[in-house]
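Convention: sequence-line order gives letters A, B, ...; per-chain numbering from 1. Just so it is clear, the model here is predicted, and its values are computed rather than measured.
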Protein chains: 2
Amino acid sequence: MSSRLALREKPARPSARAKIIGAAIEQVRRQGFAATSVDDLCRAAGVTKGAFFHHFASKEALAVAGAEAWTEHARARIFTDAPWMGVADPLDRLIAHIEFRLAMIDGPVEAFTCFVGTMVQEAYATSPAIRQACDASITAYAERLAEDVQLAIDCHGMIHGITALGLAFHIQAVLQGAFILAKAKDDPAIARDSVRHLKRYLQMLFDPATAT
Amino acid sequence: MSSRLALREKPARPSARAKIIGAAIEQVRRQGFAATSVDDLCRAAGVTKGAFFHHFASKEALAVAGAEAWTEHARARIFTDAPWMGVADPLDRLIAHIEFRLAMIDGPVEAFTCFVGTMVQEAYATSPAIRQACDASITAYAERLAEDVQLAIDCHGMIHGITALGLAFHIQAVLQGAFILAKAKDDPAIARDSVRHLKRYLQMLFDPATAT
DNA sequence: GACGGCATACCAACCGGTCGGTATGTAATT
DNA sequence: AATTACATACCGACCGGTTGGTATGCCGTC
């Protein structure tokens, strides 16, 4: 009931747990989930195996926690902190979003590809928990994006039969597919080409006269 | 120098090698490459480990052989034997191709997803040989498809800056991305939605007035 | 002195790959 | 026609190392 009140905003000790998750995101993006061993992770994170299993009940539990962390990471990077958020016109903002994603596709492949998209490919049939966590992450992004798509639709109209959420998932699909091509060619250029097709599609959908 | 002339058309013994590759394609599509062990494969193919390593120098060599087999498998299934090959007008044929791919996306996820697309995600950074084999398979499909895209462009024109090959790769990207969404949701419906967006994009590209 | 946050030591199962060996076929030599 | 020589297809026990996971103990903070 006295002193000792500063020095603590959160229960946060960023230490072991966060470092393990960070290492997992990095390694899984490079070599997949199954090929990433717990020992590798501990080495990369600079912790021991005891610490690992203190924080995570299993390798599978780490994957789930990683997916949740990825959701927050992506939300911050792509929405909260993104420069295109300030654009006024909803359609312009949507296009700016695509251009932002386009600009992200650069440098080494493992730096811009999707952690959960990679992981779900290996785990969808063997681990319901991981599949659900990855689905939740992808869906969270799509639902957030759908808000902006809906604003653009409200403002500029849309062809019958197309929903904001459906279009948001399609944007996700093109990005995920572009990542696969980039991995196959070990070159981001082919991925950017695909995202430019996506941008053109959106422009044509919202204004059939505009064909870049 | 008499009798014994029937009973032999080819040196073909379809046996062990083909069965192993078939098992690999099946298992990798379900659970990925790293999570598929050589022992699993032998069990599924009904051969012994000795037979496996007689036919393949390593697990990596099997992956490469599998990718090559997949290229042929896909070529036969999607081009040679496909019903849409007969359509006369190049654009109609291209759209029929997309509709054919759309119809393929049905049933359990592991039945319609792409073997090389799955594998390259895990191997691009760790195995140059596998990455190249997967790239070759994807590129072979894109180049074959680009022939038909080019015919449609010759016939109906195209916006400046879009190439047949680039568009063919984009089609590949959408399909690959659609597969990931299907895995995340364990449901083909979301993948079909994306391919319908792709179809609409093609129709708008070739005729801006047509908006389904 | 209880408890969270680690470290050390260890385990059984499984991993990709090797190895000595067998069964069968083919083709040239004798 | 029998012998030799070699190739192909396959078997299954075995190897060293790695796997995910556990059991236990130490140590600083409340």
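- Counting to the nearest Å, the P atom of dC15(C) and the NZ atom of Lys59(B) are 9 Å from each other.
- Counting heavy atoms from C-beta outward, Leu145(B) and Gln172(B) have side chains that stay 4.5 Å or more apart.
- Between the CG atom of Leu41(A) and the P atom of dT18(D) there is a distance of 17 Å, rounded to whole Å.
- Rounding to whole angstrom units, CD1 of residue Ile20(A) and P of dG21(D) are separated by 13 Å.
- Note: CG (Asp39(B)) to C1' (dC11(D)) measures 14 Å, nearest angstrom.
- Atom CD of Glu26(A) has 12 or fewer neighbouring heavy atoms from other residues, nucleotides or ligands inside a 6.0 Å radius.
- Both Ala34(A) and Gly50(A) lie near DNA chain D, and the one whose nearest nucleotide falls closer to the 5' end is Ala34(A).
- Atom CG of Leu62(B) is separated from atom P of dC15(C) by 15 Å (rounded to the nearest Å).
- As a whole-Å value, the separation of Arg17(A) CZ from dG4(C) C1' is 14 Å.
- The interatomic distance linking Phe52(A) (CZ) with dG5(C) (P) rounds to 16 Å, in whole Å.
- Atom P of nucleotide dC11(D) and atom CZ of Phe53(B) are separated by 14 Å, given to the nearest angstrom.
- At the heavy-atom level, Thr48(A) lies under 4.0 Å from base atoms of the strands shown.
- Of the residues listed (Arg29(B), Gln176(B), Lys183(B)), the one engaging Thr118(B) in a side-chain hydrogen bond (donor to acceptor under 3.5 Å, both in side chains) is Lys183(B), and it is the only one.
- Put simply, the side chain of Trp70(B) does not reach to within 4.5 Å of the side chain of Ile21(B), judged on heavy atoms.
- Heavy-atom nearest nucleotides on DNA chain C were determined for Lys49(A) and for His54(A), and the one closer to the 5' end corresponds to His54(A).
- One finds no side-chain N or O of His55(B) lying less than 4.0 angstrom from the OP1 or OP2 phosphate oxygen of dA9(D).
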